[in-house]
Amino acid sequence: MNTWIFVVLLGSGLQGAAAVTHSLKYFYTASSGLPNFPEFVTVGLVDDVEVDHYDSNTRRAETKQDWMKKVTADDPQYLDTQTEGLGGQQQAFKANIETLKQRFNQTGGVHIFQWMYGCEWDEKTGSTNGFMQYGYDGEDFIAFDLQTETWTAPKPQALITKHKLDKDKALSASLQNYYTQECPEWLKKYVDYGRSSLLRTERPSVSLLQKTPSSPVSCHATGFYPERATLSWRKDGEELHEDVELGEILPNHDGTFQMSAELKLSSVAPEDRSRYTCVFQLSGVEDIVTKLDKIRSNEEKPINMTVIIAVVVVVLALFIAAAVAVWFLVCKKKEAKCPPSDNSSELSEKLNPQP
């Protein structure tokens with residue numbers, strides 16, 4: 001991760017569809033100089049879905065998914081243990097951010113110190129992988145290489161820490177055990193508890209939209225789950241990057257997601273439109289391929305509405321005329337005395353006498 005992500009990862013996953021690979025990630029964030037924001041925040045993500053949370057305001061670990069109740073049911077001390085451990089980390093991170101400010105010769109201003117760690121597990125092959133690194137003010141600071149059991153320091157200010165940690169062989173062995181044994185076991189447990197939720201898939205509806213004939217064509221997919229999906233424009237099966245603008249994955253009110261990808265038509269010759277397709281991909285769902293042919297234009301809506309309104313008016317007029325004709329025929333057949341139309345106000349007065 002070359003660019004560190006702040007707390008936007010609290011409830012949002014990373015774009016990209018993974019076949020059978022599961023992940024457990026933790027993000028610890030300490031901040032300095034941010035008003036009205038917790039000095040320390042942690043989130044835990046399983047398959048990019050937030051499962052637990054802690055911050056320095058509440059000072060209490062809490063779960064974020066209903067299926068996590070199974071974890072606390074099996075281990076009643078789970079949240080208490082998490083709260084105690086994260087409380088200690090809060091104090092350590094507060095001290096660390098002050099140390100880093102000194103190393104970078106900083107005094108005031110806003111500063112962010114993050115720790116990201118976790119593991120991945122391929123359910124199909126059984127292979128696992130671990131990762132751990134620290135970032136400061138949006139850039140990599142120091143990371144642990146699980147293969148070589150050494151630390152890498154892209155910043156000169158991190159060299160002091162690197163040399164110290166490289167000498168700690170007991171720490172390296174402990175980290176090796178955690179990322180190859182403990183972390184994957186926890187990940188497998190979480191996936192097993194939340195399988196019905198984490199592995200469910202919802203197929204979206206995909207449509208092509210265009211505001212005006214000269215506007216870009218937007219390929220819009222909505223109603224899919226989970227959010228680890230991709231949407232792309234292709235020409236002759238090859239993915240396009242130029243003249244394509246990808247939108248963010250956004251939540252729907254029902255818990256599903258939506259996303260869009262725009263294609264500039266100025267780069268598409270009319271005779272070549274049949275060569276372009278929009279492709280939606282999500283693990284567990286067959287690819288949805290939409291050809292660049294039938295496009296819904298917003299300009300068509302007012303015309304269609306006018307036609308619909310005209311038809312409704314005509315049908316309503318015919319219905320009223322037919323009803324009046326039937327009414328008079330019934331009156332005539334029964335030789336009933338039907339009230340003339342010009343007596344309607346008089347009839348209303350009789351039905352609603354004044355006090």
- Item | Asp137 side-chain N/O to Ile112 backbone N/O, donor-acceptor pair under 3.5 Å | yes
- Task: Give a yes or no on whether the backbone of Arg273 and the side-chain of Asp293 come within a donor-acceptor separation of less than 3.5 Å.
- Result: no
- Query: Going hydrophobic residue to hydrophobic residue with side-chain gaps under 4.5 angstrom, can you get from Leu199 over to Trp67?
  - Reply: no
- Short side-chain to backbone donor-acceptor contact, Asp47 and Val49, under 3.5 Å: no
- Got a donor-acceptor contact below 3.5 angstrom from the Asn252 side chain to the Asp254 backbone? no
- Message: Looking at Glu286, I'd like to know if its CD atom is crowded, meaning that more than 12 non-hydrogen atoms belonging to other residues, nucleotides or ligands lie closer than 6.0 Å.
- Response: no
- Query: Are Phe37 and Val110 connected, step by step, through hydrophobic side chains (Ile, Leu, Val, Met, Phe, Trp, Tyr) whose heavy atoms are closer than 4.5 Å?
  - Reply: yes
- Message: Can you confirm whether the side chains of Ser23 and Glu120 place a donor and an acceptor under 3.5 Å from each other?
- Response: no
- Task: Locate the shortest heavy-atom distance separating Leu265 from Pro213; write the atom from each residue and the value.
- Result: CD1-O, 4.3 Å
- N/O donor-acceptor pair under 3.5 Å between Gln210 side chain and Ser215 backbone: yes
- Message: Give me the atom names and distance for the closest heavy-atom approach of Phe141 to Ala158.
- Response: O-CB, 3.3 Å
- Message: As a quick check of understanding, evaluate side-chain contact (heavy atoms from CB on, under 4.5 Å) for Asp74 and Lys189, giving each step before the final call.
- Response: CA-CA 11 Å; Asp74 287 350; Lys189 182 182 297 186; over 6 Å; no
- Item | Main-chain N/O of Val268 paired with Asp272 side-chain donor or acceptor, under 3.5 Å | no
- Message: For a 4.5 angstrom cut-off between non-hydrogen side-chain atoms, does Val285 reach Phe224?
- Response: no
- Given side chains that start at C-beta, do those of Leu198 and His22 come closer than 4.5 Å, heavy atoms only? no
- Message: As a test of understanding, state which of Tyr134, Tyr26, Phe131 forms a side-chain contact (heavy atoms from CB on, under 4.5 Å) with Met116.
- Response: Phe131
- Please step through side-chain contact (heavy atoms from CB on, under 4.5 Å) for the pair Gln90 and Arg59, ending with a clear verdict. CA-CA 9 Å; Gln90 176 181 330; Arg59 295 178 179 269; 3.5 Å; yes
- Under a 4.5 Å side-chain heavy-atom rule over Ile, Leu, Val, Met, Phe, Trp and Tyr, are Leu159 and Leu100 clustered together? no
- Taking atom CD of Glu39 as the centre, does the number of heavy atoms from other residues, nucleotides or ligands within less than 6.0 Å exceed 12? no
- Item | Closest approach of Gln82 to Ala61 (non-hydrogen atoms, all atoms of both residues) | CB-CB, 3.8 Å
- Query: Going hydrophobic residue to hydrophobic residue with side-chain gaps under 4.5 angstrom, can you get from Val279 over to Leu231?
  - Reply: no
- Query: So, are Lys235 and Glu238 salt-bridged, with charged N and O less than 4.0 Å apart?
  - Reply: no
- Task: Could you grab the distance from atom CG of Asp192 to atom CG of Leu187, nearest 0.5 Å is fine?
- Result: 11.0 Å
- Should Lys101 and Ser32 count as side-chain neighbours, where that means a heavy-atom distance under 4.5 Å? yes
- Side chains of Phe27 and Leu45: does their closest heavy-atom pair fall under 4.5 Å? yes
- Item | Test of ring centre spacing under 6.0 Å for Tyr136 and Phe104 | yes
- Message: Using side-chain heavy atoms (C-beta onward) and a distance below 4.5 Å, is Arg228 in contact with Ile249?
- Response: no
- Please report the closest heavy-atom contact between Gly108 and His111, naming both atoms and the distance. O-NE2, 2.8 Å
- Polar side-chain atom of Ser267 near backbone of Lys264 as donor-acceptor pair, under 3.5 Å: yes
- Message: Pair Lys69, Tyr193 - check side-chain contact (heavy atoms from CB on, under 4.5 Å), show working.
- Response: CA-CA 9 Å; Lys69 295 178 181 178; Tyr193 282 136; over 6 Å; no
- Spacing of OH belonging to Tyr178 relative to CG belonging to Leu146, to within rounding of 0.5 Å: 12.0 Å
- Tyr190 and Val51, any side-chain heavy atoms less than 4.5 Å apart: no
- Message: Regarding Ser260 and His220, do their side chains bring together a donor and an acceptor under 3.5 Å, going by distance alone?
- Response: yes
- Note on the structure: When rounded to the nearest 0.5 Å, the distance separating CG of Leu292 from CZ of Arg234 is 15.0 Å
- Examine distances only and state if a side-chain atom of Thr83 and a backbone atom of Leu79 form a donor-acceptor pair shorter than 3.5 Å. yes
- Task: Taking all heavy atoms of Pro226 and all of Thr201, pick out the closest pair and write down the distance.
- Result: CD-CG2, 4.2 Å
- Task: Nearest 0.5 Å please: distance from the CD atom of Gln281 over to the CD1 atom of Ile288.
- Result: 10.5 Å
- Might you point out which heavy atoms bring Glu50 and Gln65 nearest each other, and give the distance in Å? O-NE2, 2.9 Å
- Would the number of heavy atoms belonging to other residues, nucleotides or ligands and lying under 6.0 Å from CG of Asp287 be above 12? yes
- Message: Would the distance check show the side chain of Asp52 and the main-chain N or O of Gly44 forming a donor-acceptor pair, the cut-off being under 3.5 Å?
- Response: yes
- Side chain to side chain, Leu208 and Cys219, heavy atoms closer than 4.5 Å: yes
- Message: Please check if the number of heavy atoms outside Lys155 that lie under 6.0 Å from its NZ is greater than 12.
- Response: no
- Message: With rounding to the nearest 0.5 angstrom, report the CG to OH distance, Asn129 to Tyr179.
- Response: 11.0 Å
- Item | Neighbour count above 12 (heavy atom, 6.0 Å) for Glu84 CD | no
- Item | side-chain contact (heavy atoms from CB on, under 4.5 Å) between Asn177 and Glu182, worked out | CA-CA 7 Å; Asn177 178 71; Glu182 294 183 31; 3.2 Å; yes
- Item | Donor-acceptor pair between Asp145 and Thr152 side chains, under 3.5 angstrom | no
- Arg60 bridged to Asp80 by N-O distance under 4.0 Å: yes
- Item | Gap separating the CZ atom of Phe144 from the OH atom of Tyr117, nearest 0.5 angstrom | 15.0 Å
- Does the side chain of Ser232 come within less than 4.5 Å of Thr230's, by heavy atoms? no
- Name the orientation class of the two ring planes belonging to Phe40 and Tyr28 (parallel below 30°, tilted from 30 to 60°, perpendicular beyond 60°). perpendicular
- Around atom NZ of Lys94, are there more than 12 heavy atoms of other residues, nucleotides or ligands at under 6.0 Å? no
- Determine, for Glu202 against Arg200, whether the closest basic-nitrogen to carboxylate-oxygen distance falls under 4.0 angstrom. yes
- Can any side-chain N or O of Trp151 pair as donor or acceptor with the backbone N or O of Ile142 at less than 3.5 Å? no
